[in-house]
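Please read the structure below before turning to the comments.
Just the heavy atoms: all of them, side chains too, but no hydrogens, waters or symmetry mates, feed the values below.
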Amino acid sequence: MGHLFRHQEGETAVPSIANIPAPQASTIDYDWILISGFIIVLTQVGFAFIEAGSVRYKNSQSIVIKVILGLFLTILIWWLFGYGFSFGYDFQTNFLGGTKLGGANWEANQYGNDYTNFVFRASGAAIAVSVLSGAAAERMTFLAWSILTIIYAGFIYAGLAHWTLASGWLTTLGYKDFSGAGVVFFAAGVAGLVVTVLLKPRRFRFDPNTTLQFQRHSPIYIAFGSILVFAGWLFYNGGIVAQGANSKYTQGLVAVNTLVAGATGGFFAFIIRYFQYETTSLVALSRGIISALVAVSAATDDMKPWTAFIYGLLAAVFYSVLAKVIPKVHIDDPVEVVPVFLGNGFLGIFLSAFFDTKAGIIYGFGAKLLGMQLLGLLIIFVWVAFFVLITLLILKGFGVLRIDAETENVGIDKAHCLGEALVFANQVDEAPLIPQTELVKLGNSQIGSGFRPGFR
């Protein structure tokens with residue numbers, strides 16, 4: 001897809017695009033890509049459900065605000081800078097694009113369509129930001145989150161997109177990543193790891209003497225969100241196939257591999273959790289789906305369906321192991337960004353060096369791709385970790401990174417969002433009418449506050 005959308009100024013740009021063999025992108029193809037972009041935006045609903053269900057009740061509204069705020073800020077910063085940095089002409093610096101900023105000189109002709117490409121690519125960038133918001137759950141201020149979103153989407157991720165998705169120097173070097181297992185999800189997972197470590201755990205999270213409960217308040221929300229993201233992922237991966245209707249085999253193969261991997265990951269994560277704890281887990285079932293989708297995105301167009309099954313199985317194992325290990329080292333990751341996205345983004349890129357039908361080891365192509373994939377992951381890790389860390393340290397220095405202790409105790413929703421996520425209109429009015437019920441055992445401050453046992 002990158003060759004259709006990497007626009008350069010000057011006469012040299014036209015021959016390089018015109019020499020690409022048929023099929024060229026058509027009106028139908030652009031419609032397909034545009035529709036895919038629309039659907040990808042709707043996956044934000046899924047991410048909002050997943051993250052709201054993963055946190056305590058008193059912070060569920062605030063995390064949804066972060067998801068939606070991240071979407072809007074990403075769209076705006078990509079219109080102003082991100083798209084130009086990613087897909088503009090880089091004047092042979094191979095670093096960042098410097099044209100097409102703020103919508104200037106965007107084109108729609110036989111060689112490409114900046115407008116359609118913006119919709120699709122900005123929507124993809126918003127997914128990366130939504131992943132990152134999960135790592136900031138229950139601890140980061142809205143101001144810090146907004147600043148981090150702008151820097152991550154407009155500069156950090158845009159740079160990676162220019163090097164890879166826009167057929168930049170990293171792709172030319174030999175790094176392969178179909179739809180972003182590395183550049184989108186592994187990168188967001190690395191950023192999430194830096195965020196959650198620097199924010200430190202929620203107060204008393206790992207205190208063995210605490211009476212506070214830190215359970216996810218709604219596994220059902222997580223399941224609903226995961227199914228929505230699963231459906232949207234078909235359009236996310238499918239939209240990468242720019243030829244659309246003119247490339248029916250690849251289009252269908254990508255969809256089949258996405259479905260097989262997602263179903264396999266969810267099923268085996270569910271089975272593994274049962275053998276680990278002798279209980280079923282809707283959360284494991286849901287996380288397994290997303291983990292497999294992340295992994296398979298590395299090479300969805302260059303694998304057989306049986307390979308997608310292996311990706312899904314290994315992703316479930318990788319998630320299950322990491323989900324158990326991460327809390328033991330006192331990393332507080334309520335949305336499990338690290339095991340799902342960092343872990344399986346790495347896994348997907350690593351496995352592609354073996355199973356890629358056009359360059360993989362088991363198909364007789366040697367270990368060159370393995371070296372390029374590991375190098376690419378290292379470059380992504382260093383780039384993302386460095387700039388995210390610098391950003392967070394500056395925010396911490398100004399004292400705006402983390403919410404204060406009082407807000408954390410009360411909940412961000414009540415402190416800054418005009419109340420909790422669900423407030424029953426008649427709950428205060430009815431309290432005086434039933435003084436003899438169990439409500440009398442609760443403190444006055446709890447009656448009418450939306451208090452739920454275990455939701456503290």
Side-chain angles (χ1 to χ4, degrees), residues 33-52 54-55 59-87 100-104 106 114-161 165 180 184-185 187-188 191-192 195 221 225 228-229 232-233 235-236 239 335 337 341 387-388 391-392 395 400-401 403 412-413 416-418 421:
I33 296 165
L34 192 62
I35 291 170
S36 297
F38 296 162
I39 302 298
I40 293 171
V41 172
L42 289 176
T43 62
Q44 297 296 318
V45 178
F47 282 108
F49 265 119
I50 290 171
E51 295 181 23
S54 298
V55 300
N59 296 312
S60 57
Q61 183 178 185
S62 68
I63 195 64
V64 174
I65 291 176
K66 286 187 172 76
V67 172
I68 298 175
L69 189 62
L71 170 64
F72 294 163
L73 288 174
T74 299
I75 291 171
L76 293 174
I77 200 64
W78 256 64
W79 166 61
L80 291 172
F81 298 106
Y83 183 76
F85 287 165
S86 299
F87 296 95
K100 303 185 183 297
L101 303 175
W106 285 11
D114 287 306
Y115 300 95
T116 294
N117 191 37
F118 170 80
V119 172
F120 185 80
R121 292 303 187 182
S123 302
I127 288 180
V129 171
S130 292
V131 171
L132 184 53
S133 69
E138 302 198 62
R139 288 160 292 173
M140 184 176 278
T141 66
F142 288 123
L143 175 60
W145 168 244
S146 300
I147 294 172
L148 179 62
T149 295
I150 291 170
I151 294 173
Y152 187 82
F155 173 68
I156 300 173
Y157 173 75
L160 294 176
L165 303 179
V184 178
F185 303 113
V195 168
Y221 278 10
L228 289 172
V229 171
W233 216 291
F235 289 88
Y236 175 73
V335 187
V337 169
F341 295 97
F387 283 106
V388 171
T391 303
L392 296 180
L395 292 171
V400 297
L401 178 62
I403 59 176
I412 304 175
D413 289 3
H416 298 292
C417 304
L418 296 178

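- The aromatic rings of Tyr221 and Phe49 lie perpendicular to each other, with more than 60° between the two planes, well past the 30° mark.
- Put simply, the residue from Val119, Asn117, Thr116 that forms a side-chain contact (heavy atoms from CB on, under 4.5 Å) with Ile33 is Thr116.
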Original post:
Yes or no on side-chain contact (heavy atoms from CB on, under 4.5 Å) for Leu401 and Met140, after CA distance, side-chain angles and deciding distance?
Top reply: CA-CA 6 Å; Leu401 178 62; Met140 184 176 278; 3.7 Å; yes

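- The aromatic rings of Trp78 and Tyr157 sit tilted, their planes meeting at an angle between 30° and 60°.
- Between the side chain of Ser86 and the backbone N or O of Tyr83, no donor-acceptor pair lies under 3.5 Å.
- A distance of 11.0 Å separates CZ in Phe341 from CG in Leu132, rounded to the nearest 0.5 Å.
- A donor-acceptor contact shorter than 3.5 Å is absent between the side chain of Thr43 and the backbone of Gly46.
- Applying the salt bridge (Lys or Arg N to Asp or Glu O under 4.0 Å) rule to pairs touching residues 131-148 yields Arg56-Glu138, Glu138-Arg202, sequence neighbours excluded.
- Side chains of Leu42 and Leu228 form no contact here, defined as non-hydrogen atoms less than 4.5 Å apart.
- For the pair Ala126 and Leu71, the tightest heavy-atom approach, listed with the atom from each and the gap, is CB-CD1, 3.6 Å.
- Here the CG-CG distance, from Leu143 to Leu395, works out to 7.0 Å after rounding to the nearest 0.5 Å.
- We find the CD1-CG distance between Ile151 and Leu392 to be 9.0 Å, quoted to the nearest 0.5 Å.
- Here the closest heavy-atom approach between residue Gly124 and residue Tyr236 is recorded as CA-CE1, 4.2 Å.
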Subject >> From CA spacing to verdict: side-chain contact (heavy atoms from CB on, under 4.5 Å), Ile75, Val41 >> reply: CA-CA 10 Å; Ile75 291 171; Val41 172; 5.6 Å; no

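- Here CD1 of Ile150 is found 9.5 Å from CG of Leu80. Values are rounded to the nearest 0.5 Å.
- Atom NE2 of His416 and atom CG of Asn59 lie 10.5 Å apart (nearest 0.5 Å).
- For the pair Gln61 and Val64, the minimum side-chain heavy-atom distance is 4.5 Å or more.
- In this structure, Phe118 places its CZ atom where more than 12 heavy-atom neighbours from other residues, nucleotides or ligands lie under 6.0 Å away.
- Annotation: the span from Ser133 atom OG to Ile50 atom CD1 amounts to 10.0 Å, rounded to 0.5 Å.
- Between the side chain of Ser123 and the backbone N or O of Gly37, at least one donor-acceptor pair lies under 3.5 Å.
- At a threshold of 4.5 Å between non-hydrogen side-chain atoms, the residues Ile412 and Phe142 count as touching.
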